[in-house]
**Q** 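Structure in structure tokens, see below.
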Amino acid sequence: QAQLVESGGGSVQPGGSLRLSCAASGRIFSSSVIGWFRLAPGKEREFVALIRWGTTRTLYADSVKARFTVSRGDAANIVWLQMNDLKTEDTGVYYCARGSQWTTNHLDYNNWGQGTQVTVAP
């Protein structure tokens, strides 16, 4: 089973950008789905974006559409989340997770990274 490690979080001002990475060790099957979720204080875990490993088909939450881009590396087991025009409401701990279904439900993902903090503040 792939181990997932996120990196790239930090603190930025509104309007800024960050690029998160999700590095996976072990094999990732072409049918696997890598999802990004975030958890903010006092809120439930929220779907952000996902990508099907083999086809690179993507899906985004409405709140991040046109601002965030999820992609995967060609030669390495890595998935990026490019986040542009960040807003204060994007603040939270961002997790990548591996699943086998095309779903935005975090309960259907069974392999999680440790998370990386993103803080957007003036």
Side-chain angles (χ1 to χ4, degrees):
Q1 190 174 25
Q3 300 297 315
L4 304 177
V5 178
E6 303 95 335
S7 62
S11 297
V12 296
Q13 294 183 340
S17 297
L18 284 173
R19 189 173 81 158
L20 306 184
S21 300
C22 174
S25 61
R27 184 176 180 180
I28 298 182
F29 296 97
S30 60
S31 59
S32 294
V33 172
I34 302 296
W36 284 96
F37 297 83
R38 63 190 181 191
L39 185 61
K43 295 185 178 181
E44 295 185 354
R45 195 176 300 243
E46 178 186 17
F47 165 75
V48 175
L50 64 82
I51 184 168
R52 175 82 74 181
W53 188 257
T55 65
T56 69
R57 181 186 174 196
T58 59
L59 182 69
Y60 298 92
D62 288 343
S63 60
V64 307
K65 203 173 292 184
R67 299 189 297 122
F68 290 12
T69 301
V70 60
S71 61
R72 54 154 287 192
D74 291 329
N77 285 355
I78 190 165
V79 173
W80 292 284
L81 183 68
Q82 176 68 42
M83 306 187 296
N84 298 327
D85 189 24
L86 282 160
K87 306 177 186 299
T88 56
E89 52 264 40
D90 294 319
T91 294
V93 179
Y94 282 68
Y95 299 87
C96 64
R98 185 183 70 94
S100 58
Q101 299 183 52
W102 185 264
T103 177
T104 62
N105 187 343
H106 69 276
L107 296 176
D108 292 318
Y109 291 76
N110 55 11
N111 183 202
W112 290 79
Q114 83 290 347
T116 185
Q117 176 70 45
V118 171
T119 302
V120 185

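This one's a predicted model, so the numbers in the text were calculated from it and none came from an experiment.
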**Q** At their closest point, which heavy atom of I78 faces which heavy atom of W53, and how far apart are they?
**A**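 Between these two residues, the closest heavy atoms are N-CH2, 3.7 Å.
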**Q** Is there a path from M83 to I51 through hydrophobic residues (I, L, V, M, F, W, Y) whose side chains come within less than 4.5 Å of each other?
**A** yes
**Q** Would you say the side chain of E46 lies within less than 4.5 Å of the side chain of S63, judging by non-hydrogen atoms?
**A** yes
**Q** Measure the shortest side-chain to side-chain distance between V79 and V70 over non-hydrogen atoms and say whether it is less than 4.5 angstrom.
**A** yes
**Q** What I'd like to find out is whether the side chain of R45 reaches to under 4.5 Å of the side chain of Y95, using heavy atoms alone.
**A**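 Contact flag for R45/Y95 side chains = yes.
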**Q** So how far is it from R19 CZ to T69 OG1, rounded to the nearest 0.5 Å?
**A**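 Rounded to the nearest 0.5 Å, the CZ-OG1 separation comes to 11.5 Å.
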**Q** Within the 4.5 Å heavy-atom criterion, are L20 and E6 side-chain neighbours or not?
**A**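 Result no, sub-4.5 Å side-chain heavy-atom pair not found.
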**Q** Within the 4.5 Å heavy-atom criterion, are T91 and Q117 side-chain neighbours or not?
**A**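 With C-beta onward as the side chain, the pair touches.
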**Q** Take Y109 and F37 through the ring-ring contact (aromatic ring centres under 6.0 Å, His included) test and state the conclusion after the steps.
**A** CA-CA 10 Å; Y109 291 76; F37 297 83; 5.0 Å; yes
**Q** Passes salt bridge (charged side-chain N to carboxylate O under 4.0 Å, His left out), D62 versus K65? Steps please.
**A** CA-CA 5 Å; D62 288 343; K65 203 173 292 184; 3.1 Å; yes
**Q** Look at the side-chain heavy atoms of Ile, Leu, Val, Met, Phe, Trp and Tyr, link any pair under 4.5 Å apart, and say whether F47 and W80 land in one connected group.
**A**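 Result: no, two separate clusters.
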**Q** Can you check whether D85's main-chain N or O pairs, donor with acceptor, with R67's side chain at less than 3.5 Å?
**A**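 Looks like yes, one N/O pair under 3.5 Å.
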**Q** Return the minimal non-hydrogen interatomic distance between N84 and Q82, and the atom names on each side.
**A**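 Closest approach of N84 to Q82, heavy atoms only: OD1-NE2, 2.8 Å.
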**Q** Hydrophobic clustering (ILVMFWY, side-chain heavy atoms < 4.5 Å, transitive) - are L18 and L81 grouped together?
**A** yes
**Q** Would I28 and R72 count as a side chain to side chain contact (heavy atoms under 4.5 Å, CB included) here? Give the steps.
**A** CA-CA 12 Å; I28 298 182; R72 54 154 287 192; over 6 Å; no
**Q** Heavy atoms, side chains only, cut-off 4.5 Å: are S7 and T116 in contact?
**A**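 No, every pair of side-chain atoms sits at 4.5 Å or beyond.
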**Q** For side chain to side chain contact (heavy atoms under 4.5 Å, CB included), just list the numbers for D108 and W102, CA-CA rounded to whole Å, side-chain angles, deciding distance to a tenth of an Å, and then say yes or no.
**A** CA-CA 9 Å; D108 292 318; W102 185 264; over 6 Å; no
**Q** Does one hydrophobic cluster hold both I34 and Y60, with members joined at side-chain heavy-atom distances below 4.5 Å?
**A**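 Linked, I34 and Y60 end up in one cluster.
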**Q** Side chain of R52, backbone of S31: donor and acceptor closer than 3.5 Å?
**A** yes
**Q** Linking I/L/V/M/F/W/Y whenever any side-chain heavy atoms sit under 4.5 Å apart, do V33 and W36 land together?
**A**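 No, separate clusters.
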**Q** Roughly how far, to the nearest 0.5 Å, is the CG atom of L50 from the OG atom of S32?
**A** 12.5 Å
**Q** Would you say L4 and R98 make side-chain contact, with heavy atoms under 4.5 Å?
**A**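 Touching, per the 4.5 Å side-chain cut-off.
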**Q** Donor-acceptor pair, N77 side chain versus R27 backbone, under 3.5 Å?
**A**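 Flag not set: sc N77 to bb R27 has no pair under 3.5 Å.
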